[in-house]
Structure formats: C-alpha cells, structure tokens
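To start, the structure under review is shown below, and the notes come after it.
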Amino acid sequence: MSKDISTRAENYSKWYNDIVTKANLADNSAVRGCMVIKPYGYAIWEKMQQALDKMFKDTGHVNAYFPLFIPKSFLSKEAAHVEGFAKECAVVTHYRLKNDENGKGVIVDPDAKLEEELIVRPTSETIIWNTYREWIQSYRDLPLLINQWANVVRWEMRTRLFLRTAEFLWQEGHTAHATAEEAVEETEKMLEVYAHFAETFMAIPVIKGRKTANERFAGAVDTYCIEAMMQDGKALQAGTSHFLGQNFAKAFDVKFTGKDGKQDFVWATSWGVSTRLMGALIMTHSDDQGLVLPPKLAPFQVVIVPIYRSDEEFQKVCDAGKSIKQELEKAGISVKLDDRDTHKPGFKFNEHELRGVPVRIAIGPRDLENGTVEIARRDTLEKEILHIQDLPTKIAHLLEQIQQNLYTRALTKREEQPLAFKQW
RNA sequence: CGGGAUGUAGCGUAGUCCGGUCAUCGCGCCUGGUUUGGGACCAGGAGGUCGCAAGUUCGAAUCUUGCCAUCCCGACCA
C-alpha cells in the first residue's frame, strides 16, 4: 500500500520500481544492469511463455536451441546488422583463469587467449543463418519455421528492471521461405500473434505499426511492431516482427533450388518478444496499491485467507478452505490457500493486493455458520458475499469479467491520453 | 554515453555544512506472552567494513581524490 510504494502521481518511475521489487518480481543483482527474476515474477513469465509457445506451435513452428556464443566474424557478415549491434556486445576473449602469482584471487590467463573472439549473442540471426545454410538445399526444405527461447545480452548504458536489462530472456523466431510474399505473410502473421497475445492474455490494447527506416531492426527490410500505451503517456514497444528479405541468406550464402531448377536466395523473417512484456504488464494495469494481474497470467488466480481465533477455528476454516480450493480447481481455477499462521489476515490482505492476486476469498467462523465467504476483486477492490456452493461458477465468471475489465480500462486510459508520443 | 542526484543494519532514515562517546530512530527480524473479519500489542534480544580504496589529521560517517553502484532527465535500444 501507500505505506510501501510511491504513487504514480508522486513519482512514476519510483512507483514502477517499487512494484517490481515490493511485489517480489525481480531485483537488481550484483552484476550491473542484470536482474534476478524472483519466483513470483518468473511464474508470470512462465505463464506468458506457455501461452506464446502454444500459439507458435499452433501456427506451425517448432522449438530449437542455438549457441550462446557467436564467432565474431559472423556478426560482421551482414553490414547493417553489425552496425546496429556492435556498440553493445559483450565479448569473450579468453577461456581460462589462473591463480594470481602475486596475491589473492584469480586472473585471466594470458596464455588462454581465443584465436577468434566470441560474442555473447545480442540476437541469433547470424549463427542461425549460418546453420540454415546446411539445412536448406531445396524448396522441399522450406518453409523452415523455428523458434528459440533464450537469453541474450545487450550492453545497455541505462537499464531498468524488465524494461531494459543488459541480459534479458526472450523468444526469437527465425523462419526461412521460398518467396518474398510468403515471408512477408509470415512477418504479418506473427505480428498478429503478438497483438492477439497482448490483448487476450495480457489485457493490453496495442497498436500495430511499422517502423521508419532508421528505427528498423539492424539488417531488416521492414520492421513491424506492436506498441502499448503506458500510464505515464509513453508508448512501449512490446514486440517486433521483421521481414529480413534476402539479407541474411546473401550474407550466409543460403540458397535453395526451386521447382523450376533455378537457384535463389532464401527469404527470411525474425520476430521476438522479451521479458520487457513483464514491464508492459506491470505498467499497464497496476495502481497505487500495487500490482494488478490479469487472471490469465496470474500465478494463482484466487487466494483463500482463513480467519480464525482459536486453533479449533483455524482447523475448521482451513478445512473449508481446502474444499473450496478443490472445487475451484475442478473448475479450472488456480488457487492458493494462505494457511500461514504466522501472519494476520489484514497483513495477508495487503500482501496479496500488493502482489496483484485477481480474487481474494476470506473465510471465517461467521461464514462457516452462514455458508458464505467474502470475496474481493483486485481490479476494482470491490467486495461481496457469496454462497459457497456458487463459488465455482461465479468465480469463473468473475475472472473473465476482471480480464475483460482490465482490457477495457486500459483502452479507456489510452484514449484519454493526450497525444504525447514518447517512447521508452 | 552526456547532465543531475544519492550511497549509514534486510528496508526507510538522523547525523555530514562547523572532524572529537554519533553510530539515531522507525519498520522488519529473533524469543516469550496476549492477539487474529484490513498491515496487532507488550516485554526482552540480535543485527552496522557508515558504498569501495587511497589521502589529510593525534583523531574521519563527516574533509580531499579516485573508483563502484543505484536513481532521475536525455540520446540509443526488445
């Protein structure tokens, strides 16, 4: 609550940081610009991954994994690409440490210098297209529709938790096609997938657009993106999909023989979303009480808080809580029973609000007598009393309503924003 | 990478200008008891290289220099 976090009006940036850290999503680490994603934050990311991964697979893609390291020479094969990334690359120059002869600790062993330096991938086009050369000979090998879940490193000067970190998690799709038309179609299709994901799962209305020439991805012919409006009136680029033309095929000499027997370079796309989506999620829905999560991405959708005085009451309300949990789970709702006896109910109420749990159920002795519970929704902070037997259907409905309300609310906010187009 | 600010216990802070029992207070943490429908109360207790490193000085949280980190504004970027 305001006891813990700044308000948006006071200091928007501080409010954002407070939510990330106080809701236990992530923290800065000992490594400059790199964050520790904590279990609760990672659970949200896993939810996003699951939903996206399914959408990728439903559109014909498969997952694979390519190396973290890229030979330096690869990066320079596509001129615009290296131009774009050169300034923010971490470079591996040695492969061994040794004890410092003069004192404590270890030093880099000068004898263990790599013949060719390795770049920690800022993105994987080069290593992937170098590999595709071996995989693609014929039009029969196309299209090649591959996605990778990975971490990448971009040595950013100014970092912010989730929004811009030196290392971040993402997925990168890399597809190869026989024709330009097909590749453009893929680029547009994946942008649609991202837009659909943002609106349906994250409850974030997005605007689809195309980047201008100098905003384009380094090495792309055309860059499409989805942008979302944050509560401070700034737009956040939430996902990009690139039509790469034949740039990388030419750089890595990836040709295929068509039905007509003629050779041609392969057409390419790449597309990605990152842990920055977490930042978008946080900034779009949260309020001065803390995080607000859309039910479809909440690690648990419902929390049950037992209220009791004696040990005997504790047993009774917990038993009731357990059976409610079971009934809700049967209805496909994820539930956590907060049966910690080390914290008071009021403390738990505030904590779960701070962490954005969509629905809270409070159950106490009074409820046991009446066959009711008190439920509270996080988005509006409204409470009502429900009969226990109605819970599965009513809560399922309520969760849908919250999901919808968050979207509508975000859309309204966007429309009310003055046209101050600033970007993160 | 340019401009500005900050760094004292897990968190938030007092003290820094005017060097000298100054390491303050709150939250949190631990123990015991009473509590439990919106962040409980009482009593006791633990916890600190004052960001790091040099320097000035009889003496440095306090002054000087360098470094590191974080935050804000900008440029750049997913």
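For the numbers below, each heavy atom of this structure counts, side chains included, while hydrogens, waters and symmetry mates do not. In what follows, chains are A, B, ... by sequence order, proteins preceding strands, each numbered from 1.
For the residue pair A/E312 / A/S310, no side-chain donor-acceptor distance below 3.5 Å is found, with atom types taken as modelled. In summary, the side chains of A/T187 and A/S241 do not present any donor paired with an acceptor at a separation below 3.5 Å, with no hydrogens or angles considered. Residues A/D288 and A/T7 bring no donor and acceptor atom of their side chains to less than 3.5 Å of each other. Counting only N and O atoms by type, the side chains of A/Y224 and A/E188 include a donor and acceptor under 3.5 Å apart. A/S270 and A/H174 share no side-chain donor-acceptor pair at under 3.5 Å.
Under 4.0 Å is where a charged nitrogen must lie from a carboxylate oxygen, and between A/K211 and A/E227 at least one such pair does.
Between the side chain of A/E353 and the base of B/rG38 there is at least one donor-acceptor pair of N/O atoms closer than 3.5 Å. A donor-acceptor contact under 3.5 Å is not formed by the side chain of A/R154 with the base of B/rC77.
Judged by closest nucleotide on RNA chain B, A/L381 is the one of A/A238 and A/L381 placed further toward the 5' end. With the nearest nucleotide of RNA chain B identified for both A/T240 and A/F349, A/F349 has the one nearer the 5' end.
For the P atoms, the distance linking B/rC73 with B/rG10 amounts to 28 Å, nearest Å. For the C1' atoms, the distance linking B/rC50 with B/rG39 amounts to 31 Å, nearest Å. To the nearest whole angstrom, the two C1' atoms, one in B/rU6 and one in B/rA54, are 22 Å apart. B/rG7 sits 14 Å from B/rC67 when the C1' atoms are compared, rounded to a whole Å. B/rC11 and B/rG51 are spaced 13 Å apart, taking the P atom of each and rounding to whole Å. With C1' as the reference atom, B/rC52 and B/rU70 are 15 Å apart, rounded to whole Å. Between B/rG26 and B/rU13, the distance separating the two C1' atoms is 8 Å to the nearest Å. Of the C1' atoms belonging to B/rG48 and B/rG28, the separation is 16 Å, rounded to the nearest Å.
Whole-Å rounding puts the A/L163 CG to B/rC72 P distance at 10 Å. The CD1 atom of A/I361 sits 17 Å away from the P atom of B/rG38 (whole-angstrom rounding). For the pair A/E10 CD and B/rC72 C1', the computed distance is 15 Å after rounding to whole Å. The CG-P distance, from A/N350 to B/rG28, rounds to 13 Å in whole Å. Atom-to-atom, NE2 of A/H242 to P of B/rC77 comes out at 12 Å; the value is rounded to the nearest Å. Here the P atom of nucleotide B/rC77 and the NZ atom of A/K87 are 9 Å apart, to the nearest Å. We find that CE of A/M157 is positioned 5 Å from P of B/rC1, with the value rounded to whole Å. In this structure, A/R216 places its CZ atom 17 Å from P of B/rC76, rounding to the nearest Å.
No contact: A/K22 has no heavy atom under 4.0 Å from any strand. Nucleic acid contact for A/G364: base, since at least one base atom lies under 4.0 Å from a heavy atom of the residue. Across all strands, A/S241 comes closer than 4.0 Å to no nucleic acid atom at all (heavy-atom distances).
A/I127 contributes atom CD1, which lies 9.0 Å from atom CG of A/L118 (distance to the nearest 0.5 angstrom).
Using a distance-only test at 3.5 Å, with no hydrogens or angles considered, a donor-acceptor pair links the side chain of A/Q301 to the main chain of A/S334. Checking side-chain atoms of A/R409 against main-chain N and O of A/D379 turns up a donor-acceptor pair under 3.5 Å.
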Starting at the 5' end of RNA chain B, what dot-bracket string do you get if Watson-Crick and G-U pairs under 3.5 Å are bracketed, crossing pairs use [ ], other-strand pairs use | and unpaired bases use dots? ((((((((.[[[..)....(....]]].((((((.....)))))).....[[[[[..)....]]]]])))))))....

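Contact between the side-chain N/O atoms of A/R158 and the OP1/OP2 oxygens of B/rC73 is found at a separation under 4.0 Å.
Each of B/rG39, B/rG74, B/rG38 was ranked by its minimum atom distance to the side chain of A/R360; first place goes to B/rG38. Side-chain atoms of A/E374 lie closest to B/rG37 of the nucleotides B/rC77, B/rG39, B/rG37. Of the candidates B/rG37, B/rC77, B/rG74, B/rC77 carries the atom nearest the A/E88 side chain, counting heavy atoms from C-beta on.
A ring-centre distance under 6.0 Å is found for A/W271 and A/H61.
The stretch residues 283-302 of chain A participates, sequence neighbours left out, in no ring-ring contact (aromatic ring centres under 6.0 Å, His included) pair at all.
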Show, in sequence, the C-alpha distance, side-chain angles and deciding distance for A/I385 and A/N370, and conclude whether the side chain to side chain contact (heavy atoms under 4.5 Å, CB included) test is met. CA-CA 10 Å; A/I385 304 293; A/N370 302 334; over 6 Å; no

Would you tabulate the nitrogen or oxygen pairs shorter than 3.5 Å linking the protein to nucleotides 31-36 of chain B?
{"residue": "B/rU36", "atom": "OP1", "partner": "A/R309", "partner atom": "NH1", "Å": "2.8"}
{"residue": "B/rU36", "atom": "O2'", "partner": "A/Y308", "partner atom": "O", "Å": "2.6"}

Output a table of nitrogen or oxygen pairs between the protein and nucleotides 68-71 of chain B separated by less than 3.5 Å.
{"residue": "B/rU70", "atom": "OP1", "partner": "A/G33", "partner atom": "N", "Å": "3.4"}

Give the table of side-chain donor-acceptor pairs shorter than 3.5 Å for residues 388-401 of chain A, with sequence neighbours excluded, one pair per line with atom names and distance.
{"residue": "A/T393", "atom": "OG1", "partner": "A/D390", "partner atom": "O", "Å": "3.2"}

Side-chain polar contacts of residues 33-53 of chain A - donor-acceptor pairs under 3.5 angstrom, sequence neighbours left out - could you list them?
{"residue": "A/K38", "atom": "NZ", "partner": "A/N24", "partner atom": "OD1", "Å": "2.6"}
{"residue": "A/K38", "atom": "NZ", "partner": "A/D27", "partner atom": "OD2", "Å": "3.4"}
{"residue": "A/Y40", "atom": "OH", "partner": "A/R355", "partner atom": "O", "Å": "2.8"}
{"residue": "A/D53", "atom": "OD1", "partner": "A/N63", "partner atom": "ND2", "Å": "2.9"}
{"residue": "A/D53", "atom": "OD1", "partner": "A/W149", "partner atom": "NE1", "Å": "2.8"}
{"residue": "A/D53", "atom": "OD2", "partner": "A/K57", "partner atom": "NZ", "Å": "2.6"}

